[in-house]
Amino acid sequence: MVAEFILVFVVLPVAFAFVKVPGGPIPVLLVLTVVVAFFFRRARDFDRRDLWRPEALRPELPRVLRLWALAAVLAVAAVWVFDREHLFDLPRHNPGLWALIIVAYPVVSVYPQELVFRAFLLHRYRTMLRGERISAAASALSFGLAHLLFGNPVAVVLTLLGGWLFARRYQRTRSLLTVCVEHAAYGLLIFTVGLGRYFYHGTNFGN
């Protein structure tokens, strides 16, 4: 179990950062999503309601929105102070791509990531990672390592923080839908305010 965790959530993400894979990270993520989906179909000790549980979203939403609003203010201020020329660069210079990201990102990126790094990791290795804080830390660390491929510390630091937040939210709500809504909100904020280039595998899509 330990060897499996290290291989899947440490070795592979680090190796992926140094090996150029055709198509970037999304095809690999989608393959992992299929594998994890088959795992959950066979896992009798997993409550499949955790993969959705919509009733958990409404009571959690005020806390999610308050924290997101604070992050939005800080993100806009940070880009304004340190990188003003890129503030809102994607919607300003490439609105078509920005609109596509708004629609596709939650489906092809957010839900697969949460399925793998939250639902699967926190269930599969729960006996190895004793305690919710240790499990959340492992989820955050692996999530950060998976973003090494973007080649910059901003992506890693932000996803470490996000990984911890999403893991703790999932542990509290047992609702992957709630976590996906929160994850999508932060991701779309990043792509909107001018930080998206730190999370893009390829050429700069700003100006």
Side-chain angles (χ1 to χ4, degrees), residues 1-19 21 24-57 60 63-64 67 106 108-184 186-187 199 201:
M1 188 72 72
V2 175
E4 177 186 294
F5 177 86
I6 293 173
L7 175 63
V8 175
F9 289 101
V10 178
V11 175
L12 288 181
V14 172
F16 196 80
F18 295 98
V19 177
V21 178
I26 294 298
V28 176
L29 178 61
L30 294 180
V31 170
L32 285 175
T33 301
V34 173
V35 172
V36 168
F38 275 107
F39 168 82
F40 281 133
R41 284 182 61 87
R42 300 172 62 89
R44 296 182 179 180
D45 59 344
F46 178 76
D47 189 347
R48 295 181 187 173
R49 290 176 297 179
D50 292 355
L51 299 178
W52 196 244
R53 207 178 295 279
E55 66 273 14
L57 176 60
E60 198 71 15
R63 285 186 287 269
V64 171
L67 189 57
V108 302
S109 182
V110 171
Y111 193 85
Q113 288 182 67
E114 292 306 317
L115 189 68
V116 173
F117 289 99
R118 249 59 71 184
F120 174 74
L121 186 153
L122 294 175
H123 174 77
R124 172 68 172 168
Y125 307 104
R126 65 193 184 284
T127 57
M128 181 186 79
L129 303 169
R130 298 184 181 277
E132 288 192 345
R133 290 184 178 274
I134 294 176
S135 298
S139 175
L141 178 61
S142 62
F143 195 51
L145 289 176
H147 289 77
L148 282 173
L149 65 95
F150 295 117
N152 67 83
V154 174
V156 176
V157 170
L158 290 181
T159 50
L160 279 170
L161 296 173
W164 172 264
L165 174 63
F166 305 147
R168 295 297 285 165
R169 189 81 65 190
Y170 178 74
Q171 289 171 336
R172 182 164 55 253
T173 64
R174 309 310 303 177
S175 168
L176 205 65
L177 172 63
T178 300
V179 180
C180 285
V181 169
E182 185 169 36
H183 184 164
Y186 282 103
F199 293 84
H201 190 71

- Shortest non-hydrogen separation from S175 to W52 and the atoms involved: OG-O, 3.0 Å
- Does R174 count as lying over the ring of Y170, i.e. NZ or CZ under 6.0 Å from the six-ring centre, within 45 degrees of the axis? yes
Only distances under 3.5 Å count here; give the side-chain donor-acceptor pairs of residues 151-158 to other protein atoms, sequence neighbours excluded, each with its distance to 0.1 Å.
| from | atom 1 | to | atom 2 | distance (Å) |
| --- | --- | --- | --- | --- |
| N152 | OD1 | V154 | N | 3.2 |
| N152 | OD1 | A155 | N | 2.8 |
| N152 | ND2 | F150 | O | 3.2 |
| N152 | ND2 | Y198 | O | 3.0 |

- Task: Kindly indicate, with the supporting measurements, whether the criterion side-chain contact (heavy atoms from CB on, under 4.5 Å) is fulfilled by L121 and L129.
- Result: CA-CA 10 Å; L121 186 153; L129 303 169; 4.1 Å; yes
- Message: Using 0.5 Å steps for rounding, measure from the CZ atom of R48 to the CG atom of D50.
- Response: 12.0 Å
- Query: Can V34 and F38 be said to form a side-chain contact (heavy atoms from CB on, under 4.5 Å), step by step?
  - Reply: CA-CA 6 Å; V34 173; F38 275 107; 3.6 Å; yes
- Flag the pair E132 / L122 as yes when at least one side-chain heavy-atom distance between them is below 4.5 Å, and no otherwise. no
- Is the F117-H183 ring centre distance short of 6.0 angstrom? no
- Query: Around atom CZ of R172, are there more than 12 heavy atoms of other residues, nucleotides or ligands at under 6.0 Å?
  - Reply: yes
- Message: If I take atom CZ from residue R126 and atom CZ from residue F46, how far apart are they, to the nearest 0.5 angstrom?
- Response: 9.5 Å
- Query: Nearest 0.5 Å, what's the OG1-CD1 distance between T33 and I26?
  - Reply: 9.0 Å
- Message: On a heavy-atom basis, which atom in L30 and which in P112 lie closest, and how many Å separate them?
- Response: CD2-CG, 4.1 Å
- Task: Begin from the C-alpha positions of Q113 and T159 and carry the test side-chain contact (heavy atoms from CB on, under 4.5 Å) through to its verdict.
- Result: CA-CA 12 Å; Q113 288 182 67; T159 50; over 6 Å; no
- So CZ of R63 and CD of E60: to nearest 0.5 Å the spacing works out to 4.0 Å
- Query: What orientation do F9 and Y125 show, parallel under 30°, tilted 30 to 60°, or perpendicular over 60°?
  - Reply: perpendicular
- Task: Grab the two heavy atoms, one from L149 and one from P25, that are nearest each other, plus how far apart they are.
- Result: CD2-CB, 4.0 Å
- Would you call F5 and M1 a side-chain contact if the rule is heavy atoms closer than 4.5 Å? no
- Message: Just so I know, are the side chains of E182 and T173 near enough to count as touching, which here means a heavy-atom distance under 4.5 Å?
- Response: no
- How about V181 and V64: do any of their side-chain heavy atoms sit closer than 4.5 Å? no
- Message: Distance check, rounded to the nearest 0.5 Å: F166 atom CZ versus T178 atom OG1?
- Response: 12.5 Å
- Item | Steps toward side-chain contact (heavy atoms from CB on, under 4.5 Å) verdict (F18, L148) | CA-CA 9 Å; F18 295 98; L148 282 173; 6.0 Å; no
- Taking S139 for the side chain and S135 for the main chain, is one N or O donor matched with an acceptor at less than 3.5 Å? no
- Message: What I'd like to find out is whether the side chain of V36 reaches to under 4.5 Å of the side chain of F40, using heavy atoms alone.
- Response: yes
- Considering non-hydrogen atoms only, spot the tightest contact between V110 and C180 and give its length. CG1-O, 3.5 Å
- Shortest non-hydrogen contact from A140 to G163? CB-C, 3.7 Å
- Point-to-point distance, once rounded to the nearest 0.5 Å, from CG of L177 to CZ of R53: 11.0 Å
- So salt bridge (Lys or Arg N to Asp or Glu O under 4.0 Å) across residues 109-119, not counting sequence neighbours, yields E114-R118
- Query: Do you know the tightest heavy-atom contact between A119 and L51?
  - Reply: CB-CD2, 4.0 Å
